[in-house]
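Structure first, then comments.
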Amino acid sequence: MADIAASSGARGKPAIRLSLNDPTFRAIFWQIVVVGIIGLILWYLISNTLHNLEVRKIATGWGFLSREAGFAIGETAIEYGPENSYGRAIVVGILNTLRVAIIGIVLATILGTFVGIGRLSKNWLIAKVCSVYVEFMRNLPLLVQLFFWWALFQDAFPGPRQALEPITGFFFSNRGIKMPIPAEHWIHAWMGVAFLIGVAASFYVKHWAAARQAATGEQFPVLYAALGLILGLPFVVWLIGGAPVAMDWPALRGFNFQGGLTLTPEFAALLVGLVTYTAGFIAEIVRAGILAVPHGQTEAASALGIRRGKMLQLVILPQALRVIVPPMTSQYLNLTKNSSLAVAIGYPDLVSIANTTLNQTGQAIEGIAIIMAAYLTVSLSISLFMNWYNKRIAFKER
Amino acid sequence: MKALASAIAAAAVAVAALPAQAQQGSGSPTLDAVKARGQLICGANGSVAGFGMPNARGEWTGLDVDVCRAVAAAVFGDATKVRYVATTAQQRFTALQSGEIDLLVRNTTWTLSRDTSLGLDFLATNFYDGQGFMVKKSLNVKSAKELNGATICVQPGTTTELNLADYFRANNIRFTPVVIERLEENIAAYLAGRCDSFTTDVSGLASIRAANTPVPADHVILPEVISKEPLGPSVRHGDAKWGDIVKWAFFATLEAEELGLTSANIDSQMNSTNPSIQRFVGATGGLGQMLGLDNKWAYNIIKQVGNYGEQYERNIKPLGIERGVNNLWTKGGLMYAPPLR
Ligand SMILES: N[C@@H](CCC(=O)N[C@@H](CS)C(=O)NCC(=O)O)C(=O)O
């Protein structure tokens, strides 16, 4: 063993010298110095903080998470009341943040893609409208836009007693949009299961169709089959469950509507603001991605007689995606982080609830740590997923 | 773990940058810092007329602002040596804990948890208040008990938020909160009809109704007062000497009212033979020295800021709030200063 090491050292790289002129030694030396300095700074900050907290008798620790919160929250995805704990209140906040972020990312992607493609349209009007949209959205601060939507939703609609009802059961008022939803029924859970099975089956059909096309050249209408599976399966389950049609209708009782589903003005303003703002950036990314595909590809596709729609779908977008996906990841992260502006317009997101918590308990450091840990987890999850997706669609050399 | 470490480090920066000074000196790090700076930094409200708000000329006025001015008059002999920092309900305690301000006087309720786990020291009550509800007259609501199912606008980080939940729980009725950080947007939401009611301290309601609604008469404050809100100045825990100065600067304004000393007559009382007045104006007793201040500290307060009654007259009366419990104890109120001797 010793022999091999010694001889390889002699024949390969020369042994490390303990001198700053030696590149290997220098690299290691500076790394140790940097790590040491960072460690010292951290140690200084942490010990100083703990000391100061001790002197001022400011409470520390995580015990507060199980104490009764005592404040109410306007919008909750899970059961919550003032008698629940701070911990549960924070979970409510995280779910509210996820709700607006996930829906926002989906909608911003769709809108941004349309605008991006529209800006490249041969139709002068469409191209101009899309350009103006992009410039407008990207150049106004998001907070200003949020206040605009918030004021609009609040001032444009009448009070609940004079609510507009353009479609039966749908009420528009300054308390938000109320709409009927199917009354609770046990079959709904099974319909959800059927939906998931439909999605999984669609993937299977897609693979099968691709394999068949490769083997025989025959095409299969995957889209219709998938739609049939994803919508049809839950429908069949619904029929089996006795086709319950009872609805939960919103009705004016006392100060406000009771029952039905509510889209509050705060949520709507935040969602619309985040989506329209982020879509402006996404549109540019999509446009850049499409422009990055060499024109020869388009020409080759038209020479083969492929229609423009199919051409986008089969030739341009798959190549453009490789350029689009990495910057798109940052936009998704931005949208998620920007949702923390919610506190300004009264949507109870994580930051809003964590702020209230740290204010009522005085435990600022713990509160900030929770906010940071939650955003970091969400952001890293988005990054990991997008990196995985990016690898999947990356150009494969065969 | 790394996330946590960086989180703590980031938050630590705020706390670490605190004055760890004052090896020698007065024994009060805050007093030394204030003197070295030549200015008191006071955390005030910024948007509630009568308590703390800059006027059209940028001069700060209000009952809370007068506490800041009294402290500056006591320390510097000059009530104008104050820089005001407008704080929201959410930021105010962090601003004080982190040393950004020397003193917090911002209609802040004295509670046990704030006095202990927030690391603050409350010193006195400069206004006895309670929480109420404001609704539009057109709603025809006569009592808070009728608010079942109502949507209510409230500011976060306040005792208001907690009392509200308590009250509805205790009365077994339901409500939906709309929680907006800044007062301006909160009032806008209430006025636009997003909320059926806006809730805060009754004094705050009176101030908002008078100063922030287009037609004050369209809004009513419901008769129920659902909590105790003793509002008063607070300082960081651990600087008792600084706390003493703030506490006695405020008590001096009560004592002056009791003694009949006003900004107008205090000069003529300088040679009074009344021993209490002699002590007050610093002719005898050396009270100022005991606080580490000039013996004319109380004279300066009354000369420049006025006694509590004058402050009330100038700031709170215009809102239409009577003295009530905020009168002197000798007149049936709760305002009572321990003896200045
Ligand atoms: N006394 C209560 C409430 C004080 C409070 O923040 N009141 C509101 C409503 S009047 C306020 O002053 N807002 C002004 C602002 O945030 O700018 C407390 O200490 O928590």
Side-chain angles (χ1 to χ4, degrees), chain A residues 41-42 44-46 48-53 55-59 64 69-75 81-83 147 150-151 154-155 158-160 173-175 253-256 258 264-266 343-346 348 352 355-356 358-365 368-373 376-377, chain B residues 3-16 18 20 89-94 97-98 113-114 116-120 139 147-154 156-159 161-162 164-166 168-169 175-182 185-186 188-189 192-194 196 236-238:
Chain A
I41 293 177
L42 274 184
Y44 172 78
L45 288 176
I46 292 174
N48 212 345
T49 305
L50 291 178
H51 172 76
N52 279 329
L53 290 174
V55 169
R56 305 250 145 73
K57 297 276 178 291
I58 296 176
F64 73 95
F71 59 86
I73 302 176
E75 271 177 78
E83 67 282 359
F147 277 132
W150 179 72
Q154 205 161 253
D155 294 329
S173 74
N174 56 18
R175 302 302 162 83
R253 235 171 285 138
F255 290 98
N256 201 349
Q258 313 290 328
T264 65
E266 294 81 27
V343 64
I345 56 171
S352 159
N355 270 345
T356 297
L358 69 85
N359 203 282
Q360 301 291 7
T361 59
Q363 301 198 258
I365 294 185
I368 301 285
I370 290 176
I371 296 178
M372 293 177 79
L376 206 63
T377 310
Chain B
L4 204 72
S6 55
I8 292 175
V13 179
V15 185
L18 286 173
Q90 290 262 25
Q91 304 154 347
R92 55 186 158 170
F93 301 123
T94 326
Q97 287 166 343
S98 67
S113 60
R114 287 175 178 177
T116 55
S117 59
L118 256 62
L120 311 182
L139 265 190
L147 287 175
N148 191 9
T151 305
I152 299 180
C153 279
V154 60
T158 55
T159 48
E161 206 183 2
L162 306 177
L164 175 65
D166 278 1
F168 278 75
R169 254 162 98 189
F175 76 104
T176 309
V178 173
V179 182
I180 305 177
E181 179 165 19
R182 274 163 34 95
E185 280 88 38
N186 241 308
R194 172 67 183 103
D196 299 299
R236 277 183 294 281
H237 181 88

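In what follows, chains carry the letters A, B, and so on, assigned in the order in which the sequence lines appear, proteins first and then strands, with residues in each chain numbered from 1.
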### Query
Looking only at heavy atoms, what is the nearest atom pair of B:Q97 and A:G362, with distance?
NE2-O, 4.2 Å
### Query
Hey, are the side chains of A:F255 and B:I152 touching, using non-hydrogen atoms and a 4.5 Å cut-off?
no
### Message
Under 4.5 Å from any heavy atom of chain A, what part of B:A89 do you find: side chain, backbone, both or neither?
### Response
backbone
### Task
Answer yes when B:R194 and A:D155 have at least one side-chain N-carboxylate O distance shorter than 4.0 Å, and no when they do not.
no
### Message
Need one label for B:N186: side chain, backbone, both or neither, based on atoms under 4.5 Å from any heavy atom in chain A.
### Response
neither
### Point-to-point distance, once rounded to the nearest 0.5 Å, from CD of A:Q360 to CZ of B:R114
6.5 Å
## Note on the structure
If one checks every heavy atom of A:E75 against chain B at 4.5 Å, the contacting part turns out to be neither
### Message
Between A:F147 and chain B, with a heavy-atom cut-off of 4.5 Å, which part of the residue counts as in contact: side chain, backbone, both or neither?
### Response
side chain
### Message
Using a 4.5 angstrom heavy-atom cutoff, name the option from B:S113, B:G149, B:A188, B:G157 with the most pairs to chain A.
### Response
B:G157
### Summary
Per-residue tally against chain B (heavy atom, under 4.5 Å) across A:R175, A:R253, A:Q258 peaks at A:R175
### Message
So for A:A69, is it side chain, backbone, both, or neither that comes closer than 4.5 Å to the heavy atoms of chain B?
### Response
backbone
### Query
Hey, mind stepping through B:T151 and A:N256 against side-chain contact (heavy atoms from CB on, under 4.5 Å) and telling me if it holds?
CA-CA 8 Å; B:T151 305; A:N256 201 349; 3.7 Å; yes
### Message
Looking at chain A, which one of B:L162, B:N148, B:L118 has the largest number of heavy-atom pairs inside 4.5 Å, strictly under?
### Response
B:L162
### Summary
Most heavy-atom pairs under 4.5 Å with chain A, out of B:T159, B:T94, B:L139, B:V154, belong to B:L139
### Query
So do the side chains of A:T356 and B:E161 get within less than 4.5 Å of each other, counting heavy atoms only?
yes
### For A:F71, ring-ring contact (aromatic ring centres under 6.0 Å, His included) partners two or more places apart
none
### Query
Can you say whether A:I371 sits under 4.5 Å from chain B via the side chain, the backbone, both, or neither, judging by heavy atoms?
neither
### Contacting moiety of B:L147, where chain A heavy atoms sit under 4.5 Å
both
### Query
What part of A:A72 is in contact with chain B, defined as an atom under 4.5 angstrom from a non-hydrogen atom: side chain, backbone, both or neither?
both
### Task
Under the side-chain contact (heavy atoms from CB on, under 4.5 Å) rule, what do B:E185 and A:I345 come out as? Steps first, then yes or no, please.
CA-CA 8 Å; B:E185 280 88 38; A:I345 56 171; over 6 Å; no
### Between B:P177, B:G238, B:A165, the one whose heavy-atom pairs under 4.5 Å with chain A are most numerous
B:P177
### Contact origin within B:F168 toward chain A - heavy atom pairs under 4.5 Å
neither
### Interchain contact, A:S173 with chain B, by part (heavy-atom threshold 4.5 Å)
neither
